[in-house]
Amino acid sequence: MKLIDLLNNSLFDSIKNAYSLEKEDFQKLDLGFVSSTSEDHGDYSSSASLKLAKKLDSSPRDIAKKISDGLLSELIEEISVDGPGFINIYLTRSAKVNELKNAIELKEQWAFKKNNRKKALVEFVSSNPTGPLHVGHGRGAVLGIAISNLLQSQGYQVDKEYYVNDAGRQINILALSIILETINHSFNRDGLYQGGYINDLAKKFTKKTNLKEVAQPEMSLSDDADQKLDELIAFYQSESPKIWNELRTFAINEMIDIIKADLKNMGIIHDKWFYESSVGDFNDESSVLFQAVKGITKKKLTFKKDGALWFKSTDFGDDKDRVLLRENGEPTYYLTDVGYHKDKIDRKYEHYINIFGADHHGYVKRITSAFDTLKNDYQSLEIVLYQLVNLFENGKKKQMSTRKGDFYSLEELREEIGSDVIKFFFLEKKSDHTIDFDVLKAKEESKTNPYFYTQYAHVRCCSILQNKAPDFKCMYDEKEITKNFDLLNKIINYPKHLEDFANERSPHSLVHFLKELAADFHSFYETNPVLVENDTVANSRLIITKATQIVLQNGLELLSVKPLSKM
RNA sequence: GCGCCAGUAGCUCAGCUGGAUAGAGCAGUAGCCUUCUAAGCUAUUGGUCGGGGGUUCGAAUCCUCCCUGGCGCGCCA
């Protein structure tokens, strides 16, 4: 059990006994201890008495006195009531040293929770397979991996999933782009996918199939750009169905290979790639698509209007109802997605997290509405949004467009600054904050980068520890170990912090924690030479160094960043 | 027009489920390398927490109105 949980139990018992309250009476008031930010306030402090003052109609300081009198724990050295009525407690030195001992003996198991028997499914990236990943997708990717890792640290069994939009119009346009790239260079490229990768795909495809043999459209085409594309797609579909289908399949597979490679280079691997096309045909009653509609209808949440079938999502707070089946009987993209979530639900995870770019925020309500209609009682869906990444070059904003092929690819960025720097940089900001990313500056800054600062602390630990390891069987000095308040405070409370970061889905807090821990260690390092002649002092400082190293390593690994032992 | 996100030091950002004097990094200034890696440390300058009201023992944090910026509001995907 965590230190802080032991202390809180004691605190709650004391409150119960002193005022004959039941736990339910104050459960919501959040009365527990928090680790102090300043040594003046002890190791932990609680504002319980301030929060209870009104309810108990008594002065906060009196309440604090009474509660602290009943606060019994061998972990506590001293209790004081300060300020308006805060209860501040000081841990005994041996309680602190004992935590370091646990950390060093148990390594990552010290901070992690054991299997809590719950399964979580995290869906992220899921970008259309119509182009390589760009920098913006990278943010979703690193967020997804970090959140998955955080959940794992809390004992969840986590699966990572990518939803592949392989069925829609976008793929037809991709195929069309490849055809026109090959046979008609003078064609206006508006609305088509462009860029080097289209040319690569075209070349590769024409090696096995001669695209020049496909028919040339001779009918007159619409002036409307969108409509024109649809006419061309329809033409190739009917005139050269075999080649068309071959090309579509080829294009999807090639693009997915590219995306997979981009992700792998970032150290990100999904457990499952779910294809949109696999939700099946609505006319097939065994398909999840049909089952999804059936499930919603069963709850009396569908209705017909204008020949279409609608879902009454406004019942869940959506701003309008949503079409499931179009007037022509075809499922909407939305229904396909509902079908996908039906499939997820049937796979019986307890917890679902979807990580979406903020440009999809309008989509959140309608998908949670459908999910809540179809889910089982024990299941829940949560959507984590991340704001977009704006790219700047020399202070000028770069517009990004997959269509035009004018984008900064994740792969290009990775080649320039490395995947771990990208991860650290993206994860450092909280997800609902837009990132203004200046490519040149990121490169320039790589020397004063917080990534290197944090890694450097770990490197310093390693370089000391390779000379000598701490040994609890040898002499050590508790006073020597505990004199570095900030450093000890962070190490000891790491498991609790980690739990909070996981619950809040906030890897950025972990990044900030690690930077601060690194700062505390750098400071310690300057004034406390570890490898000194006095064995007791050396061993004491080795204990601190080893504990720091374990926490840094553990935290970096959760961010999917490789801890360095040399720089 | 409606909805979501943001506005905190010159710059980039933490802190936001109310708590003790608002914190980092970068940039600036002044110091520290015969000693475990100076990609480091120490000291220091810099703040009407976008603005106005309100809620209370206490507000950067909650409510409300307004201002600015980004994004989204299809029987597209």
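Keep in mind that what you see is a predicted model, and the values were worked out from it rather than measured. Within every chain, numbering begins at 1; the chains are lettered A, B, ... in the order of the sequence lines, protein sequences first and strands thereafter.
Side-chain to base pairing of A:S38 with B:A20: no donor and acceptor N or O lie closer than 3.5 Å to each other. Within 3.5 Å, a donor on the side chain of A:N88 pairs with an acceptor on the base of B:A20, or the reverse.
Residue contacts for A:S47: at a heavy-atom cut-off of 4.0 Å it reaches a base atom on one of the strands shown. Here A:E504 lies in heavy-atom contact (under 4.0 Å) with a base. Counting any heavy atom pair closer than 4.0 Å across all strands shown, A:A358 reaches sugar-phosphate atoms only and no base atom. Here A:D318 lies out of heavy-atom contact (under 4.0 Å) with every strand. Using a 4.0 Å heavy-atom cutoff across all strands shown, A:D306 reaches at least one base atom of the nucleic acid. Here A:Y525 lies in heavy-atom contact (under 4.0 Å) with a base. Within the nucleic acid shown, A:H360 has no heavy atom closer than 4.0 Å to any nucleic acid atom. Counting non-hydrogen atoms under 4.0 angstrom, A:K468 reaches nothing in the nucleic acid. If you check every strand for non-hydrogen atoms under 4.0 Å, A:T545 touches nothing. Using a 4.0 Å heavy-atom distance criterion, A:K515 is classed as making no nucleic acid contact. As judged by a 4.0 angstrom heavy-atom cut-off over every strand, A:P529 is placed among the base-contacting residues.
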Provide a list of protein-nucleic acid N or O atom pairs under 3.5 angstrom, restricted to nucleotides 1-5 of chain B.
| from | atom 1 | to | atom 2 | distance (Å) |
| --- | --- | --- | --- | --- |
| B:G3 | N2 | A:H361 | NE2 | 2.4 |
| B:C5 | O2' | A:Q387 | NE2 | 3.3 |
| B:C5 | O2' | A:D432 | O | 2.6 |

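Counting only heavy atoms from C-beta on, A:H512 has its side chain closest to B:C13 among B:C71, B:A38, B:C13. Candidate nucleotides B:A77, B:G74, B:G40 were compared by shortest atom distance to the side chain of A:E276, and B:A77 ranks first. The side chain of A:K51 lies closest to B:G19, out of B:G74, B:A77, B:G19. Residue A:K320 has its side chain nearest to B:G74 when only B:G40, B:G74, B:C36 are considered. Among the nucleotides B:A77, B:C41, B:C36, the one closest to any side-chain atom of A:S523 is B:C41. For A:Y333, whose side chain is taken as the heavy atoms from C-beta onward, the closest listed nucleotide among B:A77, B:C36, B:U21 is B:A77.
For the residue pair A:S277 and A:D166, a side-chain donor N or O sits within less than 3.5 Å of a side-chain acceptor on the partner. Residues A:Y333 and A:N165 have side chains that bring a donor and an acceptor to within less than 3.5 angstrom of each other. Residues A:S80 and A:D82 have side chains that bring a donor and an acceptor to within less than 3.5 angstrom of each other. With 3.5 Å as the limit, one finds a donor-acceptor pair spanning the side chains of A:Y44 and A:N493. A side-chain N or O of A:S126 and one of A:E123 form a donor-acceptor pair less than 3.5 Å apart.
For the pair A:N128 CG and B:A77 P, the computed distance is 11 Å after rounding to whole Å. Distance A:D57 CG to B:C57 C1': 13 Å, rounded to the nearest Å. The nearest whole Å value for the distance from the CG atom in A:D40 to the C1' atom in B:U21 is 10 Å. Following rounding to the nearest Å, A:E533 (CD) and B:U35 (P) show an atom-to-atom distance of 16 Å. Rounded to whole Å, atom C1' of B:G70 lies 8 Å from atom CG of A:N390. As a whole-Å value, the separation of A:M567 CE from B:A38 C1' is 12 Å. The nearest whole Å value for the distance from the CD atom in A:E499 to the C1' atom in B:U17 is 15 Å. Straight-line distance from the CG atom of A:L388 to the P atom of B:G72: 8 Å, rounded to whole Å.
Between A:R460 and B:A38 there is a side-chain polar atom (N or O) within less than 4.0 angstrom of OP1 or OP2. Contact annotation: A:K365 side-chain N/O to B:G72 OP1/OP2 distance is not under 4.0 Å. In terms of phosphate contacts, A:R326 brings no side-chain nitrogen or oxygen within less than 4.0 Å of OP1 or OP2 of B:G74.
Ring to ring, A:F437 and A:F426 are close: their centroids are under 6.0 angstrom apart. The aromatic ring centres of A:H508 and A:F501 sit 6.0 Å or more apart.
B:A30 sits 11 Å from B:U45 when the C1' atoms are compared, rounded to a whole Å. Taking the P atoms as reference points, B:A27 lies 42 Å from B:C66, given to the whole Å. B:A22 and B:A59 are spaced 12 Å apart, taking the C1' atom of each and rounding to whole Å. Rounded to the nearest Å, the gap between the P atom of B:G19 and that of B:C62 is 10 Å. Taking atom P on both nucleotides, B:G53 is separated from B:G72 by 36 Å, rounded to a whole Å. To the nearest whole angstrom, the two P atoms, one in B:A6 and one in B:G50, are 12 Å apart. Across the C1' atoms, B:C11 and B:U34 are found 39 Å apart, a figure rounded to whole Å.
The aromatic rings of A:W273 and A:Y162 lie parallel to each other, with less than 30° between the two planes, well short of the 60° mark.
Nearest-nucleotide positions on RNA chain B place A:D82 closer to the 5' end than the other of A:D82 and A:E327. Comparing A:H522 and A:L325 by the nucleotide of RNA chain B that holds the closest heavy atom to each, the one mapping nearer the 5' end is A:H522.
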Discussion item. side-chain hydrogen bond (donor to acceptor under 3.5 Å, both in side chains) for A:N484 and A:K490? Distances and angles first, verdict last.
Written reply: CA-CA 10 Å; A:N484 306 283; A:K490 289 206 179 59; over 6 Å; no
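A distance-only check finds a donor-acceptor pair linking the side chain of A:N539 to the backbone of A:D471 [under 3.5 Å]. Counting only distance, with no hydrogens or angles, the side chain of A:N489 and the backbone of A:F485 share no donor-acceptor pair below 3.5 Å.
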Worksheet item: How would RNA chain B look in dot-bracket form, 5' to 3', counting Watson-Crick and G-U wobble pairs with both distances under 3.5 Å and writing | for bases paired to another strand?
Response: (((((((..((((.....[...)))).(((((.......))))).....(((((..]....))))))))))))....
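With its glycosidic angle within 90° of 0, B:C33 adopts the syn conformation.
In this structure, A:H41 and A:S36 approach most closely via the heavy-atom pair O-OG, 3.0 Å. The two residues A:L514 and A:L556 come nearest to each other via the heavy atoms CD1-N, 3.7 Å.
Stacking of the aromatic ring of A:F86 onto the base of B:A20 is found: the ring centres lie under 5.5 Å apart and the planes are inclined by under 30°.
A cation-pi contact, defined as under 6.0 Å to the ring centre and within 45° of the axis, is absent between A:R322 and A:Y334.
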